[in-house]
Amino acid sequence: MLRFVYFAGLLSLGCREPRPPAAQAEIVADTRQLMTALVEPAADLYWAAVGTVIDSTGTHESVPTTNEEWTELWRAALVVGESGNLLTMPGRSRDQDQWLKLSRAMTRVAKEAAAAALARDTAAVFEVGGRLYETCTACHVAYSVGIPRPGDSAQAK
Ligand code: HEC
């Protein structure tokens, strides 16, 4: 028994050996730029893909019809999903608790959004799109950011 404890002690010592430093990722876009240059345009595209638009010429239903449109939709969902991962990077995450949960929530719903686009399921795209919007506002409310409106995307200056 004693010998076992000694052995376990050696093992845990082994785990504390210094590990080679992880490659440092370099931040290119600050959080605001990540939002306005990547997240918002992609989310906008997703939200606009399925729905009803009423204008002076009447009521128009929009649904993706071509392969290209469905691919764009899928691509947009991937951008939002992976952006949720980028938000959790050191240098971006604002804390180690709520921020990570809210970022992961966005990624999780975006993953469903990508699946809905892959399945070409119009009703699912509409439904998941609504839940995706809730993940944006949940974080913006928590961190006192204005609520994004469609068309808020940044212009490179
Ligand atoms: C984990 C938190 C978090 C999530 C999730 C999140 N955002 Fe943000 N967003 C922020 C923060 C923080 C800022 C402010 C950054 C700054 O100004 O430094 C911001 C800013 C923005 C801005 C710029 C607003 C302005 O007036 O400056 C837009 C647009 C935006 N987000 C869109 C979105 C959309 C769309 C989603 C969902 C698809 C989303 N965000 C999800 C945290 C989040």
Side-chain angles (χ1 to χ4, degrees), residues 15 19-157:
C15 291
R19 281 190 287 161
Q24 287 291 311
E26 195 175 329
I27 300 277
V28 176
D30 64 27
T31 298
R32 189 164 192 283
Q33 292 167 338
L34 179 71
M35 293 288 157
T36 56
L38 279 105
V39 176
E40 172 77 6
D44 263 353
L45 192 149
Y46 200 90
W47 291 324
V50 174
T52 307
V53 178
I54 302 170
D55 63 19
S56 55
T57 64
T59 303
H60 312 278
E61 299 291 334
S62 81
V63 286
T65 47
T66 63
N67 282 342
E68 288 72 23
E69 283 171 344
W70 281 113
T71 302
E72 279 297 305
L73 203 56
W74 170 72
R75 205 201 311 270
L78 295 188
V79 169
V80 177
E82 293 297 352
S83 296
N85 291 326
L86 295 176
L87 284 173
T88 67
M89 281 170 55
R92 280 214 188 85
S93 60
R94 298 216 172 163
D95 56 61
Q96 290 304 302
D97 180 31
Q98 184 177 232
W99 180 272
L100 300 185
K101 284 187 194 136
L102 291 165
S103 303
R104 286 177 188 140
M106 182 174 88
T107 291
R108 215 170 301 121
V109 176
K111 208 170 165 182
E112 288 182 58
L118 261 192
R120 302 191 174 198
D121 184 338
T122 310
V125 167
F126 187 76
E127 188 273 325
V128 179
R131 282 192 285 125
L132 186 64
Y133 186 74
E134 286 166 18
T135 69
C136 315
T137 48
C139 189
H140 289 180
V141 167
Y143 293 89
S144 309
V145 182
I147 301 298
R149 290 172 313 272
D152 270 355
S153 317
Q155 302 292 311
K157 285 183 206 114

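The model shown is predicted, which means the values in this text are computed figures rather than measured ones. Heavy-atom basis, side chains included; hydrogens, waters and symmetry copies ignored. As the structure lists them, so they are numbered: ligands from 1, and atoms in each ligand from 1.
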Flag the pair E127 and R131 as a salt bridge only when some basic side-chain nitrogen lies within less than 4.0 angstrom of an acidic carboxylate oxygen.
yes
List ligand 1 atoms under 4.0 Å from V145, heavy atoms only on the residue side.
11 (C), 12 (C), 13 (C), 14 (C), 19 (C), 20 (C)
Answer yes or no for M35: is there an N/O/S atom below the 2.8 Å cut-off from atom 8 (Fe) of ligand 1?
yes
List the atom of R94, the atom of Y143, and the distance in Å for their closest heavy-atom pair.
CB-CE2, 4.2 Å
Grab the two heavy atoms, one from L34 and one from A29, that are nearest each other, plus how far apart they are.
N-CB, 3.9 Å
Does ligand 1 have a heavy atom under 4.0 Å from the side chain of T135, from its backbone, from both, or from neither?
backbone
Ignoring hydrogens, what is the shortest heavy-atom contact between S103 and T88? Give both atom names and the distance.
CB-CG2, 3.7 Å
Quick check on contacts: which atoms of ligand 1 are under 4.0 angstrom from a heavy atom of T36?
23 (C)
Using a plain distance cutoff, I'd like to know if R32 has any nitrogen or oxygen under 3.5 Å from a nitrogen or oxygen of ligand 1.
yes
Identify, by atom number and element, the atoms of ligand 1 in contact range of M106, meaning under 4.0 Å from any of its heavy atoms.
5 (C), 37 (C), 38 (C), 41 (C)
Out of Q98, H140, E134, whose heavy atom is nearest to atom 33 (C) of ligand 1?
H140
Would you indicate which of A113, C139, A43, A37 comes nearest to atom 2 (C) of ligand 1 when only heavy atoms are counted?
C139
Can you tell me how far apart CG (D30) and OG1 (T36) are? Round to the nearest 0.5 Å.
8.0 Å
Is there a side-chain contact (heavy atoms from CB on, under 4.5 Å) between V125 and W47 once you walk through the steps?
CA-CA 8 Å; V125 167; W47 291 324; over 6 Å; no
Find out whether Y46 and V80 are in side-chain contact, i.e. whether some heavy atom of one side chain is under 4.5 Å from a heavy atom of the other.
no
Please could you name the atoms of ligand 1 that R94 approaches to less than 4.0 Å, counting only its heavy atoms?
12 (C), 15 (C), 16 (C), 18 (O)
Which ligand 1 atoms are under 4.0 Å away from a heavy-atom of C136?
34 (C), 35 (C), 36 (C), 37 (C), 38 (C), 39 (C), 41 (C)
